[in-house]
Amino acid sequence: MAFAHLHLHTEYSLLDGACRIKRLPELIRSLGMDACACTDHGVLYGAVDFYNACHDAGIHPVLGCEVYVCSDMEDKSPAGKEMSHLILLCENNTGWQNLMYLCSEAFIRGYYYRPRIDYQLLEKHHEGLICLSACLSGDLAKLLLDGRMNEAEKYARRMENLFGKGNYFIEIMDHGLADEKRVLPRLMDISDRTGIPLVATNDCHYLRREDAEAQEVLMCIQTGKTL
């Protein structure tokens with residue numbers, strides 16, 4: 001069974017991602033993979049560089065984004081700061097057109113601390129996109145961690161109905177975090193209940209173990225904390 005990274009943040013996830021695009025394809029190839037996705041936070045800044053670098057190295061580039069989703073992208077009140085993550089991957093050119101539109105609207109109409117979309121906009125511009133449920137900051141994981149199993153199941157079914165069978169996946173990952181270990185069996189249970197397939201990912205923010213300290217420095221700059 002082939003594995004490909006479908007949740008990965010390049011240097012264009014500003015002050016967060018540290019996967020250098022120039023070094024990425026060579027590493028992907030050395031690990032025996034022939035495809036990789038780029039899912040930067042809320043933006044498509046790196047899409048062209050990522051596509052060209054992968055294409056030149058014979059790696060299949062999957063264009064995507066980890067979007068910020070809120071209940072109402074027009075809401076610029078303090079409540080509008082509440083948002084969740086969602087992974088969107090382009091299946092075809094229609095998906096690419098829709099993803100560009102979503103990211104543009106996130107900045108033009110939805111920007112409030114971060115570029116945001118809402119589910120109403122996603123319902124109108126989801127064609128050609130594959131959706132993953134995202135990390136602990138995704139709505140599905142949040143509901144499960146809160147013990148709201150029935151609501152989580154309804155949410156998962158709603159998302160599968162929106163994107164279509166085979167275009168929505170429940171994302172599982174394990175970075176040794178306590179909340180990930182808590183939510184993992186619940187995600188698997190939702191998959192069993194609904195028949196929605198699982199996809200295993202890593203929330204990649206740097207290329208090699210020795211890059212961890214540099215990425216932590218980036219995060220400290222972003223959050224105003226001191227090492």
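In this chain, numbering begins with 1 at the start of the sequence shown. Source: prediction; values computed, not measured.
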Pair Arg193-Met149, side-chain contact (heavy atoms from CB on, under 4.5 Å): steps then yes or no: CA-CA 11 Å; Arg193 289 195 197 190; Met149 196 73 179; 3.3 Å; yes

CA sep, side-chain torsions, deciding dist, call: Leu121, Met73, side-chain contact (heavy atoms from CB on, under 4.5 Å): CA-CA 9 Å; Leu121 187 68; Met73 60 190 288; 3.8 Å; yes

Test log, rule side-chain contact (heavy atoms from CB on, under 4.5 Å), inputs Thr194 and Glu160: CA-CA 9 Å; Thr194 62; Glu160 185 183 46; 5.5 Å; no

Intermediate values then yes/no, side-chain contact (heavy atoms from CB on, under 4.5 Å), Val62 and Cys90: CA-CA 7 Å; Val62 180; Cys90 297; over 6 Å; no

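Using a distance-only test at 3.5 Å, with no hydrogens or angles considered, a donor-acceptor pair links the side chain of Tyr112 to the main chain of Lys76. Judged by distance alone, the side chain of Asn167 and the main-chain N or O of Leu129 form a donor-acceptor pair under 3.5 Å. Although no hydrogens or angles enter the test, the distance criterion places no donor-acceptor pair under 3.5 Å between the side chain of Glu66 and the main chain of Leu86. A donor-acceptor distance shorter than 3.5 angstrom exists from the side chain of His126 to the backbone of Glu123, with no hydrogens or angles considered. The closest donor-acceptor contact from the side chain of Glu82 to the backbone of Cys70 lies at 3.5 Å or more, if one exists at all. For Arg109 (side chain) and Ile117 (main-chain N/O), no donor-acceptor pair under 3.5 Å exists by modelled atom type.
With hydrogens and angles left out, the side-chain atoms of Tyr168 and Asn161 include no donor and acceptor closer than 3.5 Å. No side-chain donor-acceptor contact under 3.5 Å links Lys142 and Ser137. Glu171 and Ser133 form no side-chain donor-acceptor contact under 3.5 Å, judged by distance and modelled atom types alone. There is no side-chain donor-acceptor pair under 3.5 Å between Asn150 and Tyr155.
Contact check for Leu88 versus Phe163: side-chain heavy atoms found under the 4.5 Å cut-off. The closest side-chain heavy-atom distance from Val69 to His85 is not below 4.5 Å. With a 4.5 Å cut-off on side-chain heavy atoms, Thr39 and Leu6 do not count as touching. Side-chain contact between Ile170 and Pro197 is absent, with no heavy-atom pair separated by less than 4.5 Å. Between Ile190 and Ile196, the closest side-chain pair of non-hydrogen atoms is not below 4.5 Å. Inter-residue side-chain proximity for Met159 and Tyr119 is flagged as met; some heavy-atom pair is nearer than 4.5 Å. No side-chain heavy atom of Thr201 sits under 4.5 Å from any side-chain heavy atom of His5. Looking at heavy atoms from C-beta onward, Asn98 lies in side-chain contact with Glu127 at the 4.5 angstrom threshold.
Under the 4.5 Å side-chain contact rule for hydrophobic residues, Val48 and Leu63 do not share a cluster. Tyr51 and Trp96 fall within a single hydrophobic cluster, where Ile, Leu, Val, Met, Phe, Trp and Tyr are joined by side-chain heavy atoms under 4.5 Å apart, directly or via other members. In the hydrophobic clustering of ILVMFWY residues, with side-chain heavy atoms under 4.5 Å counting as a link, Leu8 and Leu99 come out together. Ile87 and Leu184 end up in different hydrophobic clusters when Ile, Leu, Val, Met, Phe, Trp and Tyr side chains are linked at under 4.5 Å. Ile21 and Val43 fall within the same hydrophobic cluster, where Ile, Leu, Val, Met, Phe, Trp and Tyr residues are linked whenever their side-chain heavy atoms come under 4.5 Å apart, directly or through other members.
By the 6.0 Å contact criterion, CD on Glu213 is open, its count of non-hydrogen atoms from other residues, nucleotides or ligands being 12 or less. Applying the 6.0 Å contact sphere to CG of Asp34 captures no more than 12 heavy atoms from other residues, nucleotides or ligands. Counting heavy atoms of neighbouring residues, nucleotides and ligands inside a 6.0 Å radius, atom CD of Gln222 exceeds 12 of them.
Atom CG of residue Asp16 and atom CD1 of residue Ile221 lie 12.0 Å apart, to the nearest 0.5 angstrom. Residue Lys22 holds its NZ atom at 13.0 Å from OG1 of Thr10, rounded to the nearest 0.5 Å.
Both tests do not hold together for Arg20 against Tyr206: distance to the six-membered ring centre under 6.0 Å, angle to the ring axis within 45°.
Ring geometry, His7 versus His9: the interplanar angle exceeds 60°, so the pair is classed perpendicular (tilted spans 30 to 60°).
Using a 4.0 Å cut-off between charged nitrogen and carboxylate oxygen, Asp75 and Lys81 do not count as a salt-bridge pair. A salt bridge does not link Arg208 with Asp211: none of the charged nitrogens is closer than 4.0 Å to a carboxylate oxygen.
In this structure, His60 has its ring center at least 6.0 angstrom away from the ring center of His55.
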